[in-house]
Protein chains: 2
Amino acid sequence: MAKPETKDQILNAAEDLFAEQGFAATSLRQLTAHAGVNLAAANYHFGSKDDLAKAVLQRRIEPINRERRQRLDNMSQPPTIEAIVRAFIEPALRNQQMDPGALPESRGAGLCRLLGRISVEQPLFLQEFMSEQFGELGKRFVAMLSEAAPGIAAETLWWRMHFTVGAMAHTLANAHVVGQVSLGACDANDHEGTLKQLTAFAIGGFSAAEVSR
Amino acid sequence: MAKPETKDQILNAAEDLFAEQGFAATSLRQLTAHAGVNLAAANYHFGSKDDLAKAVLQRRIEPINRERRQRLDNMSQPPTIEAIVRAFIEPALRNQQMDPGALPESRGAGLCRLLGRISVEQPLFLQEFMSEQFGELGKRFVAMLSEAAPGIAAETLWWRMHFTVGAMAHTLANAHVVGQVSLGACDANDHEGTLKQLTAFAIGGFSAAEVSR
DNA sequence: GTCTATAGTCAGATAGAC
DNA sequence: GTCTATCTGACTATAGAC
């Protein structure tokens, strides 16, 4: 193997461009040009555009969910709503530094936007992929939340996780818009501040009284 | 004008297909075939695919924001967080019945998904369009929320509105996935139930204590 | 206003030399 | 593994008959 970098360069470019423009709007030509590799390399290494998208996702979601599992494993008993919510949100929102060679830290921002996009754009395989990757972990989160908030039905907890995902995804995908529409009141570049705001909001949402039937 | 319906049929088809597949993934060919009109009619009536998307949005967002303004106008003093949150969410989530001829009520569900998609897919003109349509109204919402929750900074209120939009958009766009991932615990077809869940979550989020600095 | 026909462009994918 | 060259098909948009 002459250049082991080619595959990673394609993945990096795909991550950047899918995050910026979305999946359907990004062409393989643009993508491979951006990666500095030949057009044919994308299909050679990944088979199809769809499978390339899957590979991009898998590389990113896996470590996030691994960290979530670890934090659930190490959680003190009984767990608090706050600790569970943070275990859910923080791994996704913080720029996680992986192997620094392949993934310079400047890539962190792009990653955030990517995660926002894919939670939303829905060529069906993406949705199924998310379900596979998250189904079992979601059950663990709901189970722990049930312990921490005994008055709340599982159905309600599932809904609230769903809403939290939405708030997360929208924040990640459109963080740059918040500052604009709020006329500068919000600073989207302050990642820790954004994280605190989102965490507080989600904790409030999870702590709300059960809805009336 | 032989058929005054053509324009509306194109708008209806565009709404359905953009909601199902997204903007970039929907072709004018598919769209006009679905509408039962000629391919050229789309460009004749709307000039371009982009402008067609704008027309679809405008037809739907305008009445929602009109209802929001009315509800803010008629709000009792002092307003409660709950009333404001409901004035924000309900017009967007409820299937609003407009002129029944052009828009059969069966179209309501599709509309919801469309609104979810567009808040998220971001050919730039869409984002700008949303800012234009919502900037002034957003200011009114933040101002009222400041009255109802005097301890919360405007910045925090803007963030919380942003998160609420995200939860709303994700719920509308991906409502069908909730039932699946929760293994049937959540019923996405129960629109009033979903609305209650979302409202309770958002009220909880807005009622959370101010984040520490 | 509505249609057919087509121009002009760009897409994803592949064959085959190196 | 990498490249050039190309196939095949789909797209948006428009010109021009009716």
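Below, chain A is the first sequence line, B the second, and so on; all start at residue 1.
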Minimum heavy-atom distance between A:Arg69 and A:Arg140, given as atom pair plus value: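 Result for this residue pair: O-NH1, 4.2 Å.
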
Closest approach of B:Thr32 to B:Leu39 (non-hydrogen atoms, all atoms of both residues):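 Between these two residues, the closest heavy atoms are OG1-CA, 3.5 Å.
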
Nucleotides 11-18 of chain C: protein proximity per nucleotide (B base, S sugar-phosphate only, - neither; heavy atom, under 4.0 Å): BBBB----

Validation row: A:Phe206, A:Glu82 side chains within 4.5 angstrom (heavy atoms):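 A side-chain contact is absent here, since even the closest heavy-atom pair is not under 4.5 Å.
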
N-O pairing of A:Glu192 and A:Arg94 below 4.0 Å: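 Counted as a salt bridge, because a side-chain N and a carboxylate O are separated by less than 4.0 Å.
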
Atom-to-atom span, CG of A:Leu31 to C1' of C:dC10 - whole angstrom: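 The answer, rounded to whole Å, is 15 Å.
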
Any B:Thr6 side-chain N or O less than 4.0 Å from OP1/OP2 of C:dG1: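 No, because none of the side-chain N or O atoms of B:Thr6 sits under 4.0 Å from OP1 or OP2 of C:dG1.
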
Residue that, paired with B:Glu62, satisfies salt bridge (charged side-chain N to carboxylate O under 4.0 Å, His left out) out of B:Arg59, B:Arg66, B:Arg60: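 For B:Glu62, the salt bridge (charged side-chain N to carboxylate O under 4.0 Å, His left out) test succeeds with only one of B:Arg59, B:Arg66, B:Arg60, which is B:Arg66.
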
